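Have a look at the structure below, then the notes.
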There are 2 protein chains.
Amino acid sequence: MNPQRRLRLFATVSHRLFRDGLLFQILHNEDIELVGESETGVETLQRLAAVRPGVLLIEENLKDNDGLTIAENALSLHPALSVLLISDTPVNSSRMAIYLESGIKAVVSKQQSIQELIKTLFYIRSGQVYLGNWQSTRDRADDALTAYQALSGREREVARLMSQRVAVRDIAEELGVSCKTVHSYKDRIFVKLGFERLPELILFMQRHHQRALP
Amino acid sequence: MNPQRRLRLFATVSHRLFRDGLLFQILHNEDIELVGESETGVETLQRLAAVRPGVLLIEENLKDNDGLTIAENALSLHPALSVLLISDTPVNSSRMAIYLESGIKAVVSKQQSIQELIKTLFYIRSGQVYLGNWQSTRDRADDALTAYQALSGREREVARLMSQRVAVRDIAEELGVSCKTVHSYKDRIFVKLGFERLPELILFMQRHHQRALP
DNA sequence: CTGCATTTGTAGGATTTTCCTACAAAACGA
DNA sequence: TCGTTTTGTAGGAAAATCCTACAAATGCAG
């Protein structure tokens, strides 16, 4: 991606604690440039013109306003803006129709993963509408299970040890292979699961483990 | 920290999107072990006995229940548990008194930073009560400004370039110093600001810049 | 059931990053 | 003005990341 094509993001999320968590993850992505953030609808509208984002990520329920209303206002001023709305609950198709009507490009619910959110940001960045991933929580759990099953024996072993924060050199010793090999497993695991950093794997393994027990 | 002293964390946060964001950050910390998570109060109470966390991180407003009530229940069953409540709004001293009354060890608001939350987790992990950081948002903005001013000229330059994702070797070239030197600046910047990863710096610089303009 | 394609186990090399240490010159504080 | 910090600079060791490679095992299609 050349620098011109960097996704210019503006994020409107009420609570700093959560906004930071989201942004820290999002900003690991080199192709995303944060051009502004805000906690309220009014401030968002005020600042859009100055920073000219390509994508607006906005929570549905803001302290001062309805995110949808703000999005509509923003769109009337900046028609080229792609808006991704974060809704409190999963969307059904009739709600979705209303959203699309207002010019919103996609919706993610607060029950989805950050990875899905980021994927969606990219889908809509060039103005495409994105109606993806309305699967139920159950389906997503199955996805995770499937992903786990895609790991080979050795990979699972390494994933398990890594998620317990065993150091690479100790894993290598434990399995009787070289550190290089362990790194190779690590790379493959991360590619297969679409992860980039250890905490993602830890959380994944924790969840998988939890589901595997009962 | 020896493994025995790892902070065993259980996290109850309603929305996966935000829970993941928080946990990804929290789990960068080697001394924290996630032993369980949940979205609801009832499930939390059900699972505590099995996983025996040392610290319970719980949102005040859950879908099914009041986090405070759940915390009280949890504490009556597991008196050694340290509870950190995430409140929607900043706490004042009278609210704080009520919380302490129920045996909660600390409260953070959703306007605070993740770093403050993590610091608080450690403060309370051995059963200490923690009544810190009730500063207003304004004060915290000042903190950030002060932190920025603590950077030396060279450090600011490097911080600026890094936050624009300029590669270390290009920064080195730009400043006419060796990569090693740039790494040294990076290290110092991160130590001074208490950061661990680039996204934190990017967000910090973005905010600083924003504040610096008007 | 057999031959081609993919996955798995294994690891090396190049480059970068991290972590720690060092040290002289400048700035600061008492 | 003299000792203490801070700043600018960088080196070494160890680890991580990003590629590439390749033989053996597995799996699938005809």
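Note that the structure is predicted; figures quoted are calculated from it, not measured. Within every chain, numbering begins at 1; the chains are lettered A, B, ... in the order of the sequence lines, protein sequences first and strands thereafter.
Under the 4.5 Å side-chain criterion, counting only non-hydrogen atoms from C-beta, B:Tyr130 is not in contact with B:Leu84. Residues B:Val35 and B:Glu33 form a side-chain contact, since some pair of their non-hydrogen atoms from C-beta on lies under 4.5 Å apart. Side-chain contact between A:His78 and A:Arg52 is present, with at least one heavy-atom pair separated by less than 4.5 Å. With contacts defined as side-chain heavy-atom distances shorter than 4.5 Å, the pair B:Glu116/B:Val108 does not qualify.
With hydrogens and angles left out, the side-chain atoms of A:Gln25 and B:Gln25 include no donor and acceptor closer than 3.5 Å.
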Please tabulate, for side-chain N and O atoms in residues 166-178 of chain A, each donor-acceptor pair with protein atoms closer than 3.5 Å (sequence neighbours left out).
residue  : atom : partner  : partner atom : Å
A:Ser178 : OG   : A:Lys180 : N            : 3.1
A:Ser178 : OG   : A:Thr181 : N            : 3.3
A:Ser178 : OG   : A:Thr181 : OG1          : 3.4

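Because its NZ or CZ atom is both nearer than 6.0 Å to the ring centre of B:Phe190 and within 45° of the ring axis, B:Lys186 counts as a cation-pi partner of that residue.
A donor and an acceptor atom never sit less than 3.5 Å apart when one is taken from the side chain of B:Arg188 and the other from the base of D:dT6.
A:Leu175 has its CG atom 11 Å from the P atom of C:dA11, to the nearest Å. Regarding A:Arg154, its CZ atom lies at a distance of 14 Å from the P atom of D:dT26, rounded to whole Å. Taking atom CD1 of A:Ile189 as the reference point, atom C1' of C:dT8 lies 12 Å away to the nearest angstrom. Note: CG (B:Leu198) to P (C:dT16) measures 16 Å, nearest angstrom. Rounded to whole angstrom, the span from the CZ atom of B:Arg156 across to the P atom of D:dG8 amounts to 10 Å. When the C1' atom of D:dA16 is taken as reference, atom CD of A:Glu196 falls 14 Å away, rounded to whole Å. Taking atom CG of B:Leu201 as the reference point, atom P of C:dT18 lies 12 Å away to the nearest angstrom. Rounded to whole Å, the distance from CG on B:Asp170 to P on C:dT15 is 15 Å.
End-to-end axis angle of the helix from C:dC1-D:dG30 to C:dA30-D:dT1, from C1' rotation axes over five pairs per end: 40° (rounded to 10 degrees).
Candidate nucleotides C:dT10, C:dT8, D:dA10 were compared by shortest atom distance to the side chain of A:Glu155, and C:dT8 ranks first. The B:Asp187 side chain lies nearest to C:dC19 when the options are C:dC19, C:dT10, C:dT8. Counting only heavy atoms from C-beta on, A:Lys180 has its side chain closest to C:dA14 among C:dT8, D:dT9, C:dA14. When the nucleotides D:dG8, C:dG9, D:dA10 are ranked by their closest atom to the side chain of B:Ser178, D:dA10 comes out on top.
Heavy atoms of A:Arg169 sit under 4.0 angstrom from primed sugar atoms or phosphate atoms, though from no base atom. B:Ser184 comes within 4.0 angstrom of a nucleotide base, judged by non-hydrogen atoms across all strands.
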Let's go through B:Glu60 and B:Arg95 carefully: what are the C-alpha distance in whole Å and the side-chain angles of both, what is the deciding distance for salt bridge (Lys or Arg N to Asp or Glu O under 4.0 Å) to 0.1 Å, and is it a yes or a no? CA-CA 12 Å; B:Glu60 187 164 30; B:Arg95 281 263 300 293; 3.6 Å; yes
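Between C:dT10 and A:Thr181, no contact under 4.0 Å exists linking OP1 or OP2 to a side-chain N or O. At least one side-chain nitrogen or oxygen of B:Lys186 sits closer than 4.0 Å to the OP1 or OP2 atom of C:dT18.
When the nearest nucleotides of DNA chain D are assigned to A:His183 and B:Tyr185 by heavy-atom distance, the more 5′-ward of the two goes with B:Tyr185.
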